[in-house]
Q: 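Mind having a look at this structure? Questions to follow.
Each ligand, and each atom within it, is numbered from 1 in the order the structure gives. Residue numbers run from 1 in the order of the sequence given.
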Amino acid sequence: MSSALTDHAPLAELDEWDDFVATRYQQGKGEEEFRNYRADANPTVTEFYRLNHSHQTLDFVLKKKAEFAGLTRGKKSVWEMAEYLNTLVDDSDPDTDVTQIEHLLQTSEAIRKDGQPRWFVLTGMMHDLGKVLCLYGEPQWAVVGDTFPTGCAYSDQIVFPEFFAANPDSKVPEYQTKYGIYSPNCGLDNVHLSWGHDEYVYTVTRNYLPEPAQYMLRYHSFYPAHRHGAYRHLMNDHDEKMFEWVHKFNPYDLYSKGLERPNVKEIMPYYQDLVAEFFPAQISW
Ligand SMILES: [Fe+2]
Ligand SMILES: [Fe+2]
């Protein structure tokens with residue numbers, strides 16, 4: 001593998017990152033054990049974080065937000081995009097590894113079984129659709145990874161904080177104060193989190209889903225905040241209230257993977273109705 005390709009895709013598959021996060025927060029693990037996350041990270045996951053933390057600068061995030069804000073990648077139905085995401089195949093074992101659509105449906109089925117509202121089920125079904133960024137040719141470090149604010153000091157609650165030393169923003173004093181370019185409790189909507197599948201799926205779906213769903217989609221990988229309570233000084237009261245939903249969503253994302261494989265054919269009519277209830281036939285991506 002050339003080094004350019006490795007920089008682009010150190011992980012054998014995107015799910016390696018999701019699996020690492022799920023292991024890190026395995027049910028029953030205490031805060032002490034979490035601090036040993038390095039033991040759970042294989043060399044490719046570690047390399048992935050090195051790239052993510054070195055390259056996600058404020059400037060990069062602003063460029064990506066501007067690039068995708070206009071949703072100029074064409075109109076597609078939610079189902080076409082789910083099929084497209086499913087082409088993100090790898091050389092792993094099809095008998096044991098769930099497909100991308102199956103992961104989405106495992107998450108949403110767990111939410112449905114708990115009797116949550118329909119929009120919550122739909123949010124589960126859509127939460128990782130933003131990973132199509134990978135199919136647009138974006139490097140893995142700009143698609144997945146725990147997200148964090150850029151343009152202000154890095155919290156020590158972010159995994160592998162040592163890798164920020166190689167981020168050019170580390171050398172910009174203005175970006176390294178507690179508030180950086182932000183003001184106290186300015187609200188997360190004004191904060192530029194590292195770019196990835198969360199912000200993209202939020203951008204695509206924001207006009208169609210209720211606000212708690214938007215928060216779940218936009219911040220589901222913001223582990224420093226929703227699992228460790230970091231960055232409260234940037235959040236406002238409304239964020240605090242809405243984060244109750246982000247907290248509610250997280251266990252479904254983390255712990256639904258081991259559940260039984262969904263019978264896609266059987267549950268599809270329910271999901272077709274559900275998508276049609278909230279979305280027009282096609283939306284802009
Ligand atoms: Fe995700
Ligand atoms: Fe997920």
Side-chain angles (χ1 to χ4, degrees), residues 9 11-27 40 45 48-49 52 56 61 64 68 78 81-82 84-86 88-90 92 97-114 116 120-136 138-148 158-159 188 193-206 209 212-227 243 245-262 264 271 285:
L11 305 170
E13 44 174 328
L14 273 192
D15 287 11
E16 255 189 81
W17 171 72
D18 302 82
D19 293 343
F20 167 67
V21 176
T23 308
R24 221 166 75 196
Y25 298 112
Q26 222 160 47
Q27 275 154 318
D40 297 326
V45 165
F48 161 80
Y49 278 105
N52 177 277
Q56 291 267 3
V61 171
K64 284 293 156 190
F68 287 95
V78 167
M81 222 40 168
Y84 184 44
L85 182 65
N86 240 10
L88 194 68
V89 279
D90 41 64
S92 50
D97 276 14
V98 299
T99 64
Q100 297 293 324
I101 288 186
E102 283 173 323
H103 166 61
L104 293 174
L105 290 173
Q106 273 179 328
T107 308
S108 60
E109 280 294 277
I111 295 168
R112 177 152 78 125
K113 283 190 184 115
D114 281 353
Q116 304 285 10
F120 193 161
V121 179
L122 179 60
T123 304
M125 197 215 100
M126 302 202 55
H127 80 280
D128 275 344
L129 276 189
K131 288 180 179 173
V132 294
L133 285 172
C134 225
L135 295 163
Y136 299 161
E138 297 295 320
Q140 289 171 343
W141 56 261
V143 180
V144 292
D146 314 45
T147 56
F148 55 87
I158 307 169
V159 290
L188 286 182
L193 294 196
S194 51
W195 172 259
H197 71 290
D198 303 54
E199 183 73 15
Y200 181 51
V201 77
Y202 157 75
T203 307
V204 169
T205 59
R206 55 184 295 185
L209 296 174
Q214 295 172 32
Y215 265 80
M216 291 174 180
L217 294 174
R218 197 177 195 183
Y219 302 115
H220 75 270
S221 304
F222 192 12
Y223 283 89
H226 72 64
R227 287 295 288 227
F243 257 55
W245 292 103
V246 180
H247 292 140
K248 224 176 256 191
F249 176 74
N250 185 240
Y252 295 112
D253 190 14
L254 285 180
Y255 308 128
S256 57
K257 235 186 176 175
L259 305 178
E260 63 178 317
R261 255 181 133 131
V264 178
Y271 284 98
W285 293 85

Q: In a check of side-chain contact (heavy atoms from CB on, under 4.5 Å) between Val144 and each of Asp15, Leu14, Leu133, Asp128, which one passes?
A: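 Between Val144 and the candidates, side-chain contact (heavy atoms from CB on, under 4.5 Å) is satisfied uniquely by Leu14.
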Q: Closer than 2.8 Å to the Fe ion (ligand 2), do we get an N, O or S atom from Asp18, backbone or side chain?
A: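 No, outside the cut-off.
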Q: Could you pull out the atom name of the N/O/S atom in Asp128 that is nearest the Fe ion (ligand 1)?
A: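 Looking at Asp128, the N, O or S atom with the least distance to the Fe ion (ligand 1) is OD1.
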Q: Can you check whether Arg206's main-chain N or O pairs, donor with acceptor, with Gln214's side chain at less than 3.5 Å?
A: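 Looks like yes, one N/O pair under 3.5 Å.
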Q: Are His127 and Phe249 near enough that their ring centres are under 6.0 Å apart?
A: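 They qualify: ring centres under 6.0 Å apart.
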Q: Mind reading off the angle at the Fe ion (ligand 1) between the NE2 atom of His197 and the NE2 atom of His220, rounded to 10°?
A: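 With the Fe ion (ligand 1) as the vertex, NE2 (His197) and NE2 (His220) sit 90° apart.
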Q: Backbone or side chain, does His103 get an N/O/S atom under 2.8 Å to the Fe ion (ligand 2)?
A: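 It does; at least one qualifying atom falls short of 2.8 Å.
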Q: Would you sort out whether Phe222 and Phe243 count as a side-chain contact (heavy atoms from CB on, under 4.5 Å), showing the intermediate values?
A: CA-CA 11 Å; Phe222 192 12; Phe243 257 55; 4.1 Å; yes
Q: Please calculate the NE2(His127)-the Fe ion (ligand 2)-OD1(Asp253) angle and round it to 10 degrees.
A: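 About 80°, to the nearest ten degrees.
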Q: Could you go through Trp17 and Gln140, starting from their C-alpha distance and side-chain angles, then the distance that decides it, and tell me whether this counts as side-chain contact (heavy atoms from CB on, under 4.5 Å)?
A: CA-CA 10 Å; Trp17 171 72; Gln140 289 171 343; over 6 Å; no
